[in-house]
Structure formats: structure tokens, C-alpha cells
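We use all heavy atoms of the structure for the numbers below, so side chains are in, but hydrogens, waters and symmetry mates are not. Every number for a ligand or one of its atoms is a count from 1 in the order of the listing. These numbers were taken from a predicted model, which means no experiment stands behind them.
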Amino acid sequence: MAQNYPTPAWMDTAVFYEVYPQSFQDSNGDGIGDLPGLISRLDYIRSLGANALWINPCFDSPFKDAGYDVRDYRKVAPRYGTNDDLIALFDAAHARGMHVILDLVPGHTSEEHEWFTASKRPERGEFSDRYIWTSTWLDNADGLPFIAGEAEREATYILNFFKSQPALNYGFAHPKLPWQKPALGEEARATADAMVEIMRFWLSRGADGFRVDMADSLVKHDDEGKPATIQTWNYMFDQIRPEFPNAAWVSEWGRPAQSMAAGFDADFYLDWRWGGNPNGYNMLLRNTDDSAVRGVDWSYFNADSGADITGFLGEYLPSLAAVQAVGGSFSLITCNHDTLRLAPRLTERERALAFGFLLTMPGAPFIYYGDEIGMRYRRLPTKEGGYSRTGSRTPMQWDSSPQAGFTTSSEPYLPVDPDASAPTVVSEMARPDSLWNQLATLLKLRAETPAFTTTSAFDVVLAERGNTLFAFTRGEDEGRRLVVVNPGREPHDVGAHGTTQVEYAIGSVSLDGDRVVVGPQSFAVLA
Ligand code: GLC
Ligand code: CA
């Protein structure tokens, strides 16, 4: 139970697969992935073992930030299909026992949204306060990013992210200038109510919830701990959650103590180094200044780093405690559309160990499309506001046909990896010891093992400074499992903790009496 509303039961066994819709599967030969294409690949996603989808924004947009600049929340972007196609996707997913969460962008719209067009007008109207406007055309914005000189209205307006993304008005925690409206005041509530209407629009058509973009960004100049933004979420959830008890809410927030208080079911780690310090997720996978090259890299899963797990746990355990206190969860991700892919910086073995860990730790894991086959980060010119993220957004590589089976067009949305050795779904499914097959086997084990649900018990067994072995248990009593992971180059051992058999292993893991001997670069689940 996150805050006041119980988390839907399906979240406890959810394994998410993130689909960047423009790059997954084109069905009509225009070079851009679309919803009918995605529907045609649902069986593939299910065969890997994922049972839930997060689709990046698929709504009408001028695509100045790949769709995170929404022009119409209620309309599927024509390049992806129609609203009926999205509803058909919900139905097709549900028929396969899968759930679909959409990406909700509540903090800002596109500058082309009709609310903003109306808000820009000089005369007062219904949408004048939907965005944050200062009092005069010469005002700066009290330290917030703003645009001047663009509107007939004699005022400047505040941005939430790019220039194309004006901030919606959820008010200020402590209004001190005449143009700053109070959080949860009349204007802020009108914005929140409009967002609730959008949630209701898609939930009533079959969506199973939302991943919420920049969920912590709503109230401006909020205090430490974001109390006013938390109250704003409580206000919205009080309206929508009772109506849709089976919907799940996953925040892009990265600070679970706050997101849980706001009422979300799950939060996930972001690739952000607040104050220059790596967070737990960075320490696992991206503890480097340039995550496109191997170079100097202190990531735990880089065999050359010699790093131990203690740094990660120091940062992770308080977050885990915060979610456990309310029955919520904190997810680990393989990567996402904002993050540089792990390949080629980490080797296939390193990624296999990392994914073994991700899939056995608490939380509902998120697999970014293509990570299961080892798609590689590529340095590419920016596309639709992607910048360095663009190289993680290339077309899914299905097979050895032209454009890797992504499209019949010769002009795909982004170039397909041209390397002759680029992995494809066909090549990786065929290789018995591939990352794909390891993932699929482990996901099957996960599905059959109650100890590996999202919220089942987690206890650290061995985590020591200077020791690359990490051992932990999941679950309780007879169902309990011991997980051991050793990304380092030396063997280590740990007590068997009552387990008597190796259920699944990568590398070399064996039982020697009541000790488990874990070889270099190895991972195992013991029962
Ligand atoms: C989130 C999205 C990112 C987007 C930004 C602005 O961080 O994940 O892709 O650019 O918000 O909406
Ligand atoms: Ca298409």
C-alpha cells in the first residue's frame, strides 16, 4: 500500500519491457515504428518472459523532445496509429496476461498544445493561468528558466525542460511575487484536475497505469523533501485511484521516500549524479564519466573495477526501507531512453551478471528494448531532441533482413546498427548461451519462484569492503533462495545458508559442504 491506496496485485509479479515506439517495429513502411507493429511483437516480448510494457509517450506531438512535448494528450500521434490502435494494444496485451502503462507528462506540454496557444493570448481566458506567466514582458522568473518576447501577452513564461516545454502551473510552495500562485490554490487545482481527466481518459479505455515523467517537478520552489508536490499528488490520487484500483503508478522521481509519500506504487533509479556523487545505480553500472567507453570505470559490474557492493548498499538500503514501509517498490533498470546502453562498454558476461542481479533483487525490473540482445550504444547526431541519448534509441534489430527487419523503408527513423556482427533477435535466440537465453531462463525461474516477487523479503548475507562477492536471500522459510554474484576476477565463498542445490548459474558456482564457492564472473540462484 503506497500511501492510502493498495498497489494492484499484478505489480508483485510484473517484469516491465520498455518500448520506444518509434524504434520498435514499423508495420506500414514509413520507417517509423508504430502500434500495429508493436502488437505484432507482443508474443516475442512474452516469450522473453516480460509481462508488462512501458511505452514512451505515443501522443500527438511536434517531437521536439521525442514526444515528451505533448500537443494533445488524448490523441495517439498519427505516426504511431490511432486511438483505436492503442486500445487494440491494451486488448492484445490483456489477452496475453500482460499489462500496459503509458507515459504521462504532467509537468509541461508542448508549446503547440492548445492550452498554451490560448494561454499566450493577451486577453484573459480559461487558460491564462494554466502555465506560469510573470506580470510584465520585462520580468525575469525568480531564478526559473523563462522565455521572453515570444507571445503577444505582455509577460514571460517559465519552462520545465526544453524551450519547447512550457511548465504547467501547479503553483509555488511559497508565493512571494504577485504572479506566483499558491500550490493547490484555485489555478493549480484547475491544472491538476485537467491532468486527472487525462488519466481517466486512458484508464477508462484500458490502460493499466502510468509511468509519470518528472513527477517531482510540479510545484515550483518547493521545499526540501518536496512537501507541496507530494500534496499535489495526494490531491490527484484521491480523485483517480479509488476509481481505478487496478492501475499502477510508477514515478520518475528517484527518491522513494518522497514518491511513496506522494502515493506512487513504484519509483526507479535515475542515472543522475546529484551533487556530482554517483547514486546506487551509477555505482552498479555507470560509475564513469563517459559511459560510452570502457576507460576508467568504477562500476561494480565492470570486472576490471574491483569495486564491491558496499557503496551501492549504502545508498540503496535506506530507499528500500522507505518503500517497504508502505508496501511500494523501487525498480532497477537495465537502461532507458535517457541513458547510454551498457553495450559495448560492458561485455556480454558482465551484462549477464548484472541482469541476473537486476532480476533477482526486490522491485519490478525494467528491461529496455534491445538490451536483451545486447544492442549497442552508438554515437549519432541528435534526433528529435535526443542529443547523447540518440545512440540508445536506434531501431530494434530483429533479423538479418535489410534494416534488421525493423522496416521495409530504406529510411528508418534512426540508422540501424550497420555492423556485420550486430546482434539480432534471431541470432541471439539461436545461440544457446546468449544473454537472451540466460535472461529468458532466469525470467522463467523468476515467474515460478514466489521468493522473487517484487516485494518479497530481501536480506543481505555477505557484503564486505574489498570483496567482489555479494550474497543475499529473497523470500522466507522453505521458499527462500540464496543469490550469489561475483563480477570480479577472483573466486570467493560464502555460507550456504541452508541451501542444498544450485538452481541456476552463470559461470562456475558449486556447493562444497556448507560453503558456496563462487568462481570469477559468476552468478547463481541456490535453493
Ligand atoms: C524525462 C524523460 C526524458 C525527457 C524529459 C522531459 O526525464 O525521460 O526523455 O526528455 O523528462 O520530459
Ligand atoms: Ca510506421
Over-ring placement of Arg286 relative to Trp298, 6.0 Å and 45° cut-offs: no
When you measure from the heavy atoms of Arg211 to every atom of ligand 1, does any distance fall below 4.0 Å? yes
Contacts of Asp213 that satisfy salt bridge (charged side-chain N to carboxylate O under 4.0 Å, His left out) - sequence neighbours left out: Arg211
Listed partners of Arg393 passing salt bridge (charged side-chain N to carboxylate O under 4.0 Å, His left out), at least two apart: Asp338
Quick check on contacts: which atoms of ligand 1 are under 4.0 angstrom from a heavy atom of His108? 6 (C), 12 (O)
For atom 6 (C) of ligand 1, the option (of Asn56, Asp65, Val70) bearing the nearest heavy atom: Asp65
Ring-face cation of Arg205 near Phe201 (centre distance under 6.0 Å, axis angle within 45°): yes
Which residues satisfy the side chain to side chain donor-acceptor pair (under 3.5 Å) test with Lys226, sequence neighbours excluded? none
Are Arg379 and Tyr387 in a cation-pi contact, defined as NZ or CZ under 6.0 Å from the six-membered ring centre and within 45° of the axis? no
In this structure, atom 7 (O) of ligand 1 is nearest to the protein heavy atom Glu252 OE2, 2.8 Å
Report yes or no: is the cationic atom of Lys220 (NZ for Lys, CZ for Arg) closer than 6.0 Å to the six-membered ring centre of Tyr170, at no more than 45° off its axis? no
Atoms of ligand 1 less than 4.0 Å from Arg389 heavy atoms? 3 (C), 4 (C), 9 (O), 10 (O)
Is a salt bridge present between Arg389 and Asp65, judged by a nitrogen-to-oxygen distance below 4.0 Å? yes
of all protein heavy atoms, closest to atom 1 (C) of ligand 1 is Asp213 OD1, 2.7 Å
Hey, what's the ring geometry for His337 with Tyr68, parallel, tilted or perpendicular (30° and 60° as the breaks)? parallel
Quick one: name the protein N/O/S atoms under 3.0 Å from the Ca ion (ligand 2), chain by chain. Asp26 OD1, Asn28 OD1, Asp30 OD1, Ile32 O, Asp34 OD2
For atom 3 (C) of ligand 1, what is the closest protein heavy atom, and at what distance to 0.1 Å? Asp338 OD1, 3.3 Å
